[in-house]
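When a residue number appears, it is its place in the shown sequence, counting from 1.
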Amino acid sequence: MPATYATLADPVTSVVNVINNNWDGTYTSAVGGAKPTINASWDLGKLNLRNGDIIRCYEVSGGHDILGIGKGLDKHTASIAIDISTATSRERLRALYQAVVHIIHAAHSKSASVAPLDTAYASIRLLSRTDQSDKLRRWYRYVLNCEITSYEVVN
């Protein structure tokens with residue numbers, strides 16, 4: 001008899017939803033302006049940074065690790081890049097970054113103050129940050145890497 005497996009939500013969409021659903025007026029005022037465009041990379045076409053800030057999310061890698069002997073748990077992890085860009089200033093980039101970090105930390109700790117992570121996923125956590133700003137073009141950019149994890153029983 002073939003095994004049946006749970007349908008996992010798309011990890012990129014799950015991260016986009018956590019950031020987008022929790023970006024409220026507090027963060028908009030903290031970054032000193034309008035809410036950035038937040039979406040998965042494949043949903044965004046070419047956008048001009050002069051028209052506003054952009055937060056793009058895309059999957060970098062994913063993997064499975066069977067935990068236990070025989071039947072056990074399948075630990076699925078996906079590494080998601082959160083690409084934060086602005087043409088305004090480095091200070092605005094730092095404010096956008098701090099807002100995203102706060103939302104991810106609150107989602108990781110399962111804080112009651114944020115809309116929860118998709119129920120298919122057990123946790124989300126930040127891994128690293130890379131500064132990819134281009135001072136000549138006045139384009140300020142951070143790329144954050146986060147890991148989203150789910151567990152599934154193997155039959």
Side-chain angles (χ1 to χ4, degrees), residues 5-49 51-65 67 73-135 138-153:
Y5 298 100
T7 303
L8 288 177
D10 180 63
V12 174
T13 303
S14 296
V15 172
V16 167
N17 289 341
V18 164
I19 297 170
N20 203 22
N21 294 341
N22 291 297
W23 195 285
D24 58 19
T26 305
Y27 297 117
T28 301
S29 63
V31 299
K35 178 180 178 179
T37 300
I38 304 168
N39 221 327
S41 61
W42 59 81
D43 286 339
L44 293 174
K46 289 185 178 181
L47 294 175
N48 188 339
L49 277 178
N51 297 335
D53 307 320
I54 302 168
I55 298 178
R56 295 179 190 245
C57 297
Y58 49 91
E59 188 168 2
V60 176
S61 65
H64 293 270
D65 187 17
L67 307 174
L73 289 177
D74 178 6
K75 177 183 177 188
H76 173 255
T77 57
S79 178
I80 308 297
I82 304 169
D83 192 331
I84 306 167
S85 302
T86 184
T88 306
S89 66
R90 181 141 180 98
E91 292 77 26
R92 181 154 173 90
L93 175 65
R94 292 290 304 169
L96 290 165
Y97 163 73
Q98 289 171 354
V100 170
V101 166
H102 181 266
I103 291 169
I104 298 296
H105 283 170
H108 176 73
S109 69
K110 298 180 177 23
S111 169
S113 65
V114 299
L117 182 62
D118 188 292
T119 56
Y121 292 95
S123 68
I124 183 171
R125 64 186 184 98
L126 292 173
L127 300 175
S128 64
R129 179 190 81 217
T130 305
D131 186 346
Q132 295 187 345
S133 298
D134 186 341
K135 292 175 180 63
R138 297 189 46 84
W139 178 29
Y140 306 96
R141 180 178 178 210
Y142 277 159
V143 178
L144 303 174
N145 284 319
C146 72
E147 181 180 74
I148 187 167
T149 307
S150 68
Y151 296 93
E152 184 175 10
V153 175

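With salt bridges taken as basic N to acidic carboxylate O contacts below 4.0 Å, none links R141 and D134.
Not counting sequence neighbours, the partners of R94 by the side-chain hydrogen bond (donor to acceptor under 3.5 Å, both in side chains) test are Y142. In this view, T119 satisfies the side-chain hydrogen bond (donor to acceptor under 3.5 Å, both in side chains) rule with no residue, not counting sequence neighbours. Residues meeting the side chain to side chain contact (heavy atoms under 4.5 Å, CB included) test with T130, sequence neighbours left out: Q132. Remark: N20 engages K35 in a side-chain hydrogen bond (donor to acceptor under 3.5 Å, both in side chains) (not counting sequence neighbours). Remark: A81 engages Y58, V60, V143, N145 in a side chain to side chain contact (heavy atoms under 4.5 Å, CB included) (not counting sequence neighbours). For T77, there are no side-chain hydrogen bond (donor to acceptor under 3.5 Å, both in side chains) partners two or more places apart in sequence or in a different chain.
A distance of 10.5 Å separates NE2 of H108 from CD of E147, quoted to the nearest 0.5 Å. Note that NE2 of H105 and CZ of R125 are 11.0 Å apart. Values are rounded to the nearest 0.5 Å. In this structure, the separation between CD1 on I38 and CD1 on I103 is 7.0 Å, given to the nearest 0.5 Å. From I124, atom CD1 reaches atom OG of S109 across 11.5 Å, with rounding to the nearest 0.5 Å. Taking CG from D53 and CG from L96, the interatomic distance works out to 5.0 Å, rounded to the nearest 0.5 Å. To the nearest 0.5 angstrom, S79 atom OG is 11.0 Å from I148 atom CD1.
Of all heavy-atom pairs between V16 and A40, the closest is CG2-N, 3.6 Å. A pairwise comparison of heavy atoms in A120 and S150 identifies O-CB, 3.2 Å as the closest pair. The shortest heavy-atom contact between S14 and Y121 is OG-CE1, 3.5 Å. W139 approaches S85 most closely through the heavy-atom pair NE1-CB, 3.4 Å. For the residue pair Y97 and R129, the shortest heavy atom distance occurs at OH-NH1, 3.2 Å. Across all their heavy atoms, V12 and C57 have their closest contact at CG1-O, 3.5 Å.
Residues W23 and V100 are in side-chain contact: their nearest non-hydrogen atoms beyond the backbone lie under 4.5 Å apart.
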| request: Apply side-chain contact (heavy atoms from CB on, under 4.5 Å) to C146 and L144, showing your working. | output: CA-CA 6 Å; C146 72; L144 303 174; over 6 Å; no
